[in-house]
Novice: 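This is the structure, below, for whatever I ask next.
Numbered from 1 within each chain, the chains take letters A, B, ... in sequence-line order. This structure is a prediction, so every number in the text was calculated from the model and none was measured.
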Protein chains: 2
Amino acid sequence: MAKAKAKRNLRWQRDPEGMRLRILEAAKQEFSAHGLAGARVDRIAAQAGANKRMLYYHVGNKDDLYLAVLEGAYDKIRSEERGLDLEHLDPPEAIRRLIEFTWNYFLRNPEFLSLLQTENLARAKHLKRSAKVKSMHSPFVEMIRAVVRRGVESGDFPVAVDPVQLYISIAALCFFYLSNSATLSVIFGRDLLAKDAKAERLAHMVGLVLAALTGQSAALFDVVKPPKKGAAVAQTV
Amino acid sequence: MAKAKAKRNLRWQRDPEGMRLRILEAAKQEFSAHGLAGARVDRIAAQAGANKRMLYYHVGNKDDLYLAVLEGAYDKIRSEERGLDLEHLDPPEAIRRLIEFTWNYFLRNPEFLSLLQTENLARAKHLKRSAKVKSMHSPFVEMIRAVVRRGVESGDFPVAVDPVQLYISIAALCFFYLSNSATLSVIFGRDLLAKDAKAERLAHMVGLVLAALTGQSAALFDVVKPPKKGAAVAQTV
DNA sequence: GGAGAAATTAACCCGTTGGATAAATACTGT
DNA sequence: ACAGTATTTATCCAACGGGTTAATTTCTCC
């Protein structure tokens, strides 16, 4: 009973690492929910179960906090991207996997979408200052390049495509649908995040890209929808 | 000389309509440049060459101002959309025009992109309250539906596609590239808004969509780029 | 077991910001 | 020309929000 000091009357415990993580997690939520200007330092502190002073002690000011969150977000996606193995799949299947991964990652990490939107509204002012993020190259472009090359060789794909453009397009198809689902849902008068709608969207994206790459429109567009009953009035953007 | 009061010693003139327009224009710039929370009411007033009180007098509080701007933005794009005539073009050409219009509209109206991003970060909270916007149906979905039907009949398009999905996809390809050009440019280490890059992107988008619809990959992907010299290291998102 | 460092709390500071009030000035119809 | 109204200016203010200062408590290592 010498070391086991039963006297646990402490008002608080030390936990620097844990505290830092809680702060960053809270900051991620706050920044993705309210943007940079809309985020409240006090709310982050409260959410982290900490004192406001702790943010400055462990991370820095609001901007530092924001950048740390952003870097963490990039770090996470890069890490998961590296886990995707497309080498052993035949080219069309590899492309499908790629789209599905992107789609699901965005679905599972909505804060990532918000953070990117926020950073783009800020014209990437912070990213530009982050050597860390600049050095975090995504493996996807090279993966795509390899898949396209194989596809052309195997005859699956009649022609080659610029892998950078293709990657941006795949990201675009997924990203826009999800990041703009709020306004789109209002405009179209239906919930784009409903389970059916999401499945339909994924099928469409895969169909579109594979049809373009393989030239097999028909086979892939099994998405040919019979005009829905009560067909919604047409609306856009 | 009776009416021609030479006495132009006025400190200011009245101009309600003009004032309102200047306020809304200034507000559009401010909100698109800084987002909702980041926008400063004082800056809008200054930019409009007005007193802050005028904003409240002519439009309302910050939120009213923001919604008015948003509604104006939707009004404008809807109006231009209606000017697009695809009826007399053969289906592939019609699709190309549609993409080009969307692309160019976004290029000419970057504030529109920012406003949509901002509103989506706010989960369309304001749009939901706007009966005005909800009633502004875009003609594009019906236009696309008609074009696709014609294309299938003429044999240009082997299969039909859901016009809503196709419209979202076209918007996505254009929107994402531009709205995220800041972060993408940093990540890829090159300027995605350079003239060449934009032309390349437009060609890619048209090629992708038309290849998917017609099944003629080769013909449309004249974009087949020879691997660029000093090929940039692969990077993403 | 105690001194010094690390981690955390509590309280305060002060410029900013959205919004309000009241007074002044220009216009309009009669 | 003048009364009444519409438009605009000139101040003010209370709340908020990021950041700081100083004191307190816990831990670690001799």
Novice: When you check the phosphate oxygens OP1 and OP2 of C:dA6, does a side-chain N or O of A:His58 lie under 4.0 Å from one of them?
Specialist: no

Novice: Rounded to whole Å, please give me the gap between NZ in B:Lys52 and C1' in C:dA20.
Specialist: 9 Å

Novice: Any side-chain N or O of A:Arg53 less than 4.0 Å from the OP1 or OP2 oxygen of C:dT9?
Specialist: no

Novice: Just call it for A:Ala39: base, sugar-phosphate, or nothing, with non-hydrogen atoms closer than 4.0 Å on any strand.
Specialist: sugar-phosphate

Novice: Could you tell me if the ring centre of A:Phe31 sits under 6.0 Å from that of A:Tyr66?
Specialist: yes

Novice: Could you verify whether a donor N or O on one side chain and an acceptor N or O on the other, from A:Glu119 and B:Thr183, lie under 3.5 Å apart?
Specialist: no

Novice: Does the side chain of A:Arg11 get closer than 4.0 angstrom to OP1 or OP2 of D:dT25 through an N or O atom?
Specialist: yes

Novice: Which whole-number value in Å describes the distance from B:Asn51 CG to C:dA22 P?
Specialist: 16 Å

Novice: Nearest nucleotide by nearest heavy atom, which residue falls closer to the 5' end of DNA chain C, B:Arg43 or A:Gln13?
Specialist: A:Gln13

Novice: Measure from the side-chain heavy atoms of B:Trp12 and tell me the nearest of C:dT25, D:dG17, D:dG19.
Specialist: C:dT25

Novice: So that I know where these two stand, are B:Tyr167 and A:Phe188 an aromatic pair - ring centroids less than 6.0 Å apart?
Specialist: no

Novice: Would you say the side-chain atoms of A:Ser181 and B:Arg123 include a donor-acceptor pair closer than 3.5 Å?
Specialist: no

Novice: Starting from C1' on C:dC13, measure out to OH on A:Tyr56 and report it in whole angstrom.
Specialist: 13 Å

Novice: Both A:Pro16 and B:Asp63 contact DNA chain C. Which one's nearest nucleotide lies toward the 5' end?
Specialist: A:Pro16

Novice: As a test of reading the structure: which of D:dA6, D:dT8, D:dT26 is closest to the side chain of B:Arg14, going by heavy atoms?
Specialist: D:dA6

Novice: Contact class for A:Arg40 (heavy atom, under 4.0 Å): base, sugar-phosphate, or nothing?
Specialist: sugar-phosphate

Novice: Rounded off to whole Å, could you give me the OH-to-P distance for the B:Tyr57 and C:dG19 pair?
Specialist: 19 Å

Novice: For a quick check, tell me whether the side chain of B:Lys62 and the base of C:dG19 share a donor-acceptor pair closer than 3.5 Å.
Specialist: no

Novice: Could one point to a donor on the side chain of A:Asp15 or the base of C:dA7 with an acceptor on the other under 3.5 Å away?
Specialist: no

Novice: Using C1' atoms of five pairs at each end, report the bend of the helix from C:dG1-D:dC30 to C:dT30-D:dA1 rounded to 10 degrees.
Specialist: 10°

Novice: Output the distance between atom CG (A:Asn51) and atom CG (A:Asp42), rounded to the nearest 0.5 Å.
Specialist: 9.5 Å

